[in-house]
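For reference, the structure discussed in these notes is given below.
Along the sequence shown, residues carry numbers from 1.
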Amino acid sequence: MGRKQNDLQPSRFGASILLLLGFISCALVYIVLSIILNPNNIGFSSGSGFQSSALTEVGSGGDANGDFGSGCCRGIDNLEFWGPAVKWGTDFRLNSSEECCKACKAMCTGDDGPCLCDTWVFCGNREACGSQFGQCWLKKQKDTLAPERQETHEPVSWTSGLIFGKGEGIVGLETDYGTLHVKLFPDVAPHSVAYILELLKLRHCAGCQFYRAESRGNSWDREGNHIENAPFGPPYGLIQGTLEAGGLTFKKIPTEICRSVARGSVAWVGSGPEFFISLADHQEWRKAYTVFGSVLPEDMEIAEKMAQLPSKLDVWNNINVSVLEKPVPLLVRRIKTSQGDLRSL
């Protein structure tokens, strides 16, 4: 009897070991599949070609169609824009900064030139605002790319934002291969646009460059539509670079998730200053990147040309990427509305 009992003991022990190995195997398979299928793991770098963690930041918002841009209307806290008022806040009170933003935006829907309102200012802190609580001031700037602001060392209780109408808020990314005209989205990504406006003040953009370029491969068609059953890369259909300029202190930009990444989208990698321009629609990247502008459709040929420049293979975060043999310097500059058909933006 004792002998039989000893024979059964190893069997129970062996079954336990097999069960444990089964759990471990399942866990390993799950981890591997998660890495392979994760659309955000595309080898993005946060430092001019050096390896770093893939971006996995998640935001909120979005509409039924998958485009996150239609419902966003935001500003920057503790900021007060100045300028002539087109609607006085003493007679116009609202419940939130979003409502104030949308009120300004409602005056900017025509096709006949600059907006009647391009700046809004809202006081939403009941304790700090006192009698000014709820005031929504709608204003008009002389220069929307250089808005007047109150300079003070005292805390500001206001929240302010910009609205760019058609033909407004367009900057150029100037390269040796042509100028990429970019329409900025201050209502979607106000902190991001504020940084771009700071770059405009510089006469140079030393250090700004494109250093990674990848074609659409066989995964997306020429219009940027994903081909059914094709992989999502690599290559990923993008050109990547940095907008960290010498002489300007860069501060991490808050995540401002709103729009989905589409062909022409200009977005940050993480909190910047690394950024990319997408050559394809990437609905699989929802809630991952801050889109702060879009390239004029006619200029996408320039981006496509850059994606075909000589490159060499590299590995970032265990992902194969294509790095340009010679980085392409760029300059951020103003664009006059008379240059090309910009009023369609």
Given side chains that start at C-beta, do those of Asp77 and Val156 come closer than 4.5 Å, heavy atoms only?
no
Joint cluster assignment, Ile227 & Trp220, ILVMFWY side-chain distance < 4.5 Å
no
Check whether Tyr177 forms a cation-pi arrangement with Lys305 (NZ or CZ under 6.0 Å from the six-membered ring centre, at most 45° off the ring normal).
no
Does some side-chain heavy atom of Thr175 sit less than 4.5 Å from a side-chain heavy atom of Pro329?
no
Is any side-chain heavy atom of Ser265 less than 4.5 Å from a side-chain heavy atom of Ile277?
no
Between Glu99 and Lys102, is there a salt bridge with N-O shorter than 4.0 Å?
no
For Ser219 versus Ala230, what's the shortest heavy-atom pair and its separation?
CA-CB, 3.8 Å
So, is the end of the Arg212 side chain (NZ or CZ) under 6.0 Å from the ring centre of Phe276 and within 45° of the ring's axis?
no
Does the Lys140 side chain pair with the main chain of Cys115, one donor and one acceptor, at a distance under 3.5 Å?
yes
Counting distance only, does the side-chain N/O of Arg216 pair as donor-acceptor with the main-chain N or O of Asp221 below 3.5 Å?
yes
ring-ring contact (aromatic ring centres under 6.0 Å, His included) partner of Tyr195, the single match among Phe292, Phe250, Phe275:
Phe250
Of all heavy-atom pairs linking Ala307 and Leu279, the shortest is CB-CD1, 3.7 Å
Compute whether any side-chain donor of one residue and acceptor of the other, for Ser160 and Glu80, lie under 3.5 angstrom apart.
no
May I have the step-by-step check of side-chain contact (heavy atoms from CB on, under 4.5 Å) for Leu173 and Val332, ending in yes or no?
CA-CA 5 Å; Leu173 302 183; Val332 183; 3.8 Å; yes
Polar side-chain atom of Asp314 near backbone of Val321 as donor-acceptor pair, under 3.5 Å
no
Can you name the nearest heavy-atom pair linking Arg93 to Gln135, along with the distance?
NH2-NE2, 3.5 Å
Is Ile163 reachable from Leu94 through a run of I, L, V, M, F, W or Y residues, each pair having side-chain heavy atoms under 4.5 Å apart?
yes
If the threshold is 4.0 Å, N to carboxylate O, is there a salt bridge linking Arg222 and Glu304?
no
Does either side chain, that of Trp268 or that of Ser192, offer a donor lying less than 3.5 Å from an acceptor on the other one?
yes
Check the pair Gln240 / Val269 against side-chain contact (heavy atoms from CB on, under 4.5 Å), numbers first and verdict last.
CA-CA 9 Å; Gln240 180 182 342; Val269 178; 4.2 Å; yes
Whether the side chain of Lys183 engages the backbone of Glu168 through a donor-acceptor N/O pair (distance < 3.5 Å, no angle test) should be reported.
yes
Establish whether Leu138 and Trp82 are linked, either directly or via other cluster members, by ILVMFWY side-chain heavy-atom contacts under 4.5 Å.
no
Distance only, no hydrogens: is a donor on one side chain within 3.5 Å (strictly under) of an acceptor on the other, for Tyr289 and Glu256?
no
Less than 4.5 Å apart, side chain to side chain, heavy atoms only: is that true for Val182 and Ile170?
no
Passes side-chain contact (heavy atoms from CB on, under 4.5 Å), Leu324 versus Met306? Steps please.
CA-CA 9 Å; Leu324 290 172; Met306 293 173 60; 5.5 Å; no
Strictly under 6.0 Å, is that where the ring centroids of Trp137 and Trp120 end up?
no
Identify the heavy atoms of Arg259 and Val291 that sit nearest to each other, and give their distance.
O-CG2, 3.7 Å
Mind checking whether Ser215 and Gln308 have side chains closer than 4.5 Å, heavy atoms only?
yes
Main chain of Ala206, side chain of His204: is a donor-acceptor contact present, judged purely on distance under 3.5 Å?
yes
Should the SG-SG distance of Cys117 and Cys108 be recorded as below 2.5 Å?
no
Could you pull out the closest heavy-atom pair between Pro231 and His226, with the gap in Å?
O-NE2, 3.4 Å
How long is the gap from CG on Leu243 to CD1 on Ile196, to the nearest 0.5 Å?
5.0 Å
Under the 3.5 angstrom rule, does the side chain of Glu214 hit a backbone N or O of Tyr236 as a donor-acceptor pair?
yes
Does this structure show an ion pair linking Lys312 with Glu325, if we count only N-O contacts that are shorter than 4.0 Å?
no
Do Thr290 and Ile253 have side-chain heavy atoms sitting under 4.5 Å apart?
no
Does the side chain of Leu79 come within less than 4.5 Å of Trp158's, by heavy atoms?
no
Side chains of Thr159 and Ile76: does their closest heavy-atom pair fall under 4.5 Å?
no
Six-ring centre of Phe133, Arg126 cation under 6.0 angstrom, axis tolerance 45°
yes
Polar side chain donor-acceptor pair, Ser157 to Asn125, under 3.5 angstrom:
no
For Asp143, does the CG atom have more than 12 heavy-atom neighbours from other residues, nucleotides or ligands under 6.0 Å away?
yes
Are Cys104 and Cys101 within a span of less than 2.5 Å, counting SG to SG?
no
Kindly determine whether Val328 and Ile239 satisfy side-chain contact (heavy atoms from CB on, under 4.5 Å), including the steps that lead there.
CA-CA 11 Å; Val328 178; Ile239 55 176; over 6 Å; no
Assigning hydrophobic clusters by single linkage (Ile, Leu, Val, Met, Phe, Trp, Tyr; side-chain heavy-atom cutoff under 4.5 Å), is Val266 placed with Leu331?
no
Looking only at non-hydrogen atoms, find the nearest pair between Leu199 and Cys205 and report the distance.
CD2-SG, 4.5 Å
Taking Asp187 first and then Arg74, would you say they form a salt bridge - that is, a charged N and a carboxylate O separated by under 4.0 Å?
no
Any donor and acceptor pair, going by atom type alone, linking the side chain of Asp118 with main-chain N or O of Thr144 inside 3.5 Å?
no
